[in-house]
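Below: the structure, in structure tokens.
Numbered from 1 within each chain, the chains take letters A, B, ... in sequence-line order.
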Number of protein chains: 2
Amino acid sequence: MTKSKALSQSEENYVKEIFHLSGRDKMKVSTNSLAEKLDTKASSITDMLKKLGDKKLVSYEKYKGCVLTSQGEKIAVHIIRKHRLWETFLVNKLNFGWDEVHDVAEQLEHIQSSKLVDGIDRFLNFPKVDPHGDPIPDKDGNIDYQESKVPLSEISIDAIVEVVQVNEDSFELLQYLDQINLSLGSSIKVTERVAFDESIMIELDDKHKLSLSKKVAENIAVKFKTK
Amino acid sequence: MTKSKALSQSEENYVKEIFHLSGRDKMKVSTNSLAEKLDTKASSITDMLKKLGDKKLVSYEKYKGCVLTSQGEKIAVHIIRKHRLWETFLVNKLNFGWDEVHDVAEQLEHIQSSKLVDGIDRFLNFPKVDPHGDPIPDKDGNIDYQESKVPLSEISIDAIVEVVQVNEDSFELLQYLDQINLSLGSSIKVTERVAFDESIMIELDDKHKLSLSKKVAENIAVKFKTK
DNA sequence: AATAATTTTTAGGTATGACTAAAAATAAGA
DNA sequence: TCTTATTTTTAGTCATACCTAAAAATTATT
Ligand SMILES: [Mn+2]
Ligand SMILES: [Mn+2]
Ligand SMILES: [Mn+2]
Ligand SMILES: [Mn+2]
């Protein structure tokens, strides 16, 4: 077992982003999609992919995109574990809002100390999901994808569902959801589907009715209530 | 008020180390002393001092050493605040030993988020000292140097004192102190001073007698009990 | 299949923060 | 003071992680 030197923050960010873009079906990730997400130029991506290729973290063929090796995937999952544990810590222990945690977690996810990560995990009592409802990988890298969750945009009229996850990528979405008092665990009844713009009318816990655009509904995942 | 871009981790480490070496009387800090502490070569120090000089964080004259400007000092104190708060968090909340926190705190001290720092401070209930007894600067940068503390090596026979601070720089010292069951708050009576090697005999809380070398005694600070 | 558009790679730079080796300044010793 | 030793700075490299502009490969369109 050759103990490889720790990755740079940059390398870690690349590996993590490849994991996200690759998705559960492990699609090849294109240079341009990475460039956009990482907010760099395509040429920088090519450079880094070569390096990560040499380090056996991605398998990369020129012009054909890349995928993580199992080693790279292990690393990605571990970074995501840290990111989500820190987000949970910030919200549960330090009273951050769910819209305030991402940038700080982007920094904290690079701290190297397994004792720290596992300590935070235990301190939080081994949470299953982060403040946005995303699953937190366990110590061994297992991820509990809640298979039963579906986008709110796909729910049929009169179904009553529970919010289990929201897209954390947009600060604005998270703030908007706060404003309309929608959070994880909220109960939602879809009362109408407007064909014209594909928006939906919903009724929240408190019987409050409101309209959600298609775009918003697509970024909220729900599951059917198992009462 | 020009909002200056955040410093790099390297720049922060330099500023912090200059603060420590400069001491309370703000002595000029030599290139070599910095090189030794930061574990780099003197030429690298010169390069960085020029840069920090340009940024008005140190005042630096060739061949004459450097001191922090008041701006640089402010930054140094803030980094030290973060370092010590994190150490306290690790020990008080995650059950780290006082010998295990330094390396992790070296990383955590660079996280940029005033909301986070102040959140941790409040979460810990505004601690005054870190796990090694070093004072934690408050939000405004005030440091409560406990003026009454003195090295154990200077205490005269039969005096009864309380341990208030230990030198955190040596992993080995901290482990040794753990082993002999000496911690912050321990009560110590000096029973004998051995002229030959300047070691001392002490009696701990539990009436246990033991000998401490001069070097160990120099790295333990105590204050007289005010009962 | 030929041409055009898009994507990706190469080639050549830049800034940061390290390094070595040699020169210059300062401090110490005779 | 003169000479030597030490400290510090300069000069020139190197690796990382970016960048721009141009070339090459791939994909889409006629
Ligand atoms: Mn996040
Ligand atoms: Mn999240
Ligand atoms: Mn420390
Ligand atoms: Mn400390």
Side-chain angles (χ1 to χ4, degrees), chain A residues 4-19 21-23 27-68 72 75-76 79 106-107 109-110 112, chain B residues 4-19 21-23 27-68 72 75-76 79 106-107 109-110 112:
Chain A
S4 44
K5 223 193 62 189
L7 300 184
S8 71
Q9 292 204 183
S10 224
E11 291 170 322
E12 289 196 342
N13 284 333
Y14 275 77
V15 168
K16 184 184 61 165
E17 206 50 60
I18 293 167
F19 181 88
L21 288 173
S22 196
M27 294 171 296
K28 288 206 174 170
V29 175
S30 76
T31 300
N32 267 358
S33 63
L34 269 171
E36 195 191 338
K37 283 283 187 181
L38 292 172
D39 200 33
T40 55
K41 302 297 172 174
S43 53
S44 307
I45 303 292
T46 303
D47 284 350
M48 185 60 97
L49 289 184
K50 281 180 195 163
K51 203 195 335 172
L52 295 177
D54 292 345
K55 294 193 179 186
K56 308 284 183 211
L57 302 180
V58 306
S59 69
Y60 164 62
E61 275 180 288
K62 270 189 195 178
Y63 295 104
K64 301 202 156 182
C66 69
V67 267
L68 291 177
I75 291 169
I79 299 164
E106 284 295 312
Q107 298 177 62
E109 73 189 3
H110 300 291
Q112 318 271 173
Chain B
S4 44
K5 223 193 64 189
L7 299 183
S8 71
Q9 293 205 181
S10 224
E11 290 169 323
E12 289 195 341
N13 284 333
Y14 276 77
V15 168
K16 185 185 60 165
E17 205 52 57
I18 293 167
F19 181 88
L21 287 173
S22 196
M27 295 171 294
K28 289 205 174 168
V29 175
S30 74
T31 300
N32 267 359
S33 62
L34 269 171
E36 194 190 338
K37 283 283 185 181
L38 292 171
D39 200 33
T40 56
K41 301 296 172 176
S43 54
S44 308
I45 304 290
T46 302
D47 285 349
M48 185 60 98
L49 289 183
K50 282 181 194 162
K51 202 191 343 169
L52 295 177
D54 292 345
K55 293 195 180 186
K56 308 285 184 211
L57 302 180
V58 305
S59 70
Y60 165 62
E61 275 180 288
K62 271 189 197 178
Y63 295 103
K64 302 200 155 182
C66 69
V67 267
L68 292 177
I75 291 170
I79 299 163
E106 283 295 313
Q107 299 177 60
E109 73 189 4
H110 301 292
Q112 319 271 174

Any side-chain N or O of [X] below 4.0 angstrom from OP1/OP2 of [N]?
| X | N | value |
| --- | --- | --- |
| B:T40 | C:dA18 | no |
| A:S44 | D:dC19 | yes |
| A:Y63 | C:dT10 | no |
| B:N32 | D:dT6 | no |
| A:Y60 | C:dT8 | no |
| B:K62 | D:dT10 | yes |
| B:T31 | D:dT9 | yes |

Enclosure of B:Q112 CD (heavy-atom neighbours >12, cutoff 6.0 Å)
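Counting other residues, nucleotides and ligands, CD of B:Q112 exceeds 12 neighbours.
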Is it the case that atom NZ in A:K37 sees more than 12 heavy atoms from other parts of the structure closer than 6.0 Å?
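Not buried by this count: 12 neighbours or fewer within 6.0 Å.
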Nearest whole Å is fine: how far is [N] [atom2] from [X] [atom1]?
| X | N | atom1 | atom2 | value |
| --- | --- | --- | --- | --- |
| B:L34 | D:dT8 | CG | P | 10 Å |
| A:L49 | C:dT9 | CG | C1' | 11 Å |
| B:K28 | C:dT26 | NZ | P | 12 Å |
| A:L52 | D:dT16 | CG | P | 12 Å |
| A:M48 | D:dT16 | CE | C1' | 8 Å |
| A:E11 | D:dA15 | CD | C1' | 12 Å |
| A:L7 | D:dA15 | CG | C1' | 16 Å |
| A:I45 | D:dC19 | CD1 | P | 9 Å |

Which nucleotide, C:dT20, C:dT8, D:dT9, lies nearest any side-chain atom of A:S30?
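Nearest to the side chain of A:S30 among the choices is C:dT8.
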Ignoring hydrogens and angles, answer whether the base of D:dT20 and the side-chain atoms of A:S43 contain a donor-acceptor pair closer than 3.5 Å.
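Indeed there is one.
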A:E17 side chain to A:L34 main-chain N or O, any donor-acceptor pair under 3.5 Å?
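Such a contact is absent between A:E17 side chain and A:L34 backbone.
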Is B:K50 touching bases, backbone alone, or none of the nucleic acid, heavy atoms closer than 4.0 Å?
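It contacts sugar-phosphate atoms only.
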So A:T46, base contact, sugar-phosphate only, or nothing? Heavy-atom distance under 4.0 Å.
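Since a base atom lies under 4.0 Å of A:T46, the category is base.
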Closest approach of A:S22 and A:V67, non-hydrogen atoms and distance?
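Where A:S22 meets A:V67 most closely, the heavy atoms are OG-CG1, 4.0 Å.
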Please determine if B:E106 and B:K16 form a salt bridge, counting it only when a charged side-chain N lies under 4.0 Å from a carboxylate O.
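A salt bridge links B:E106 with B:K16.
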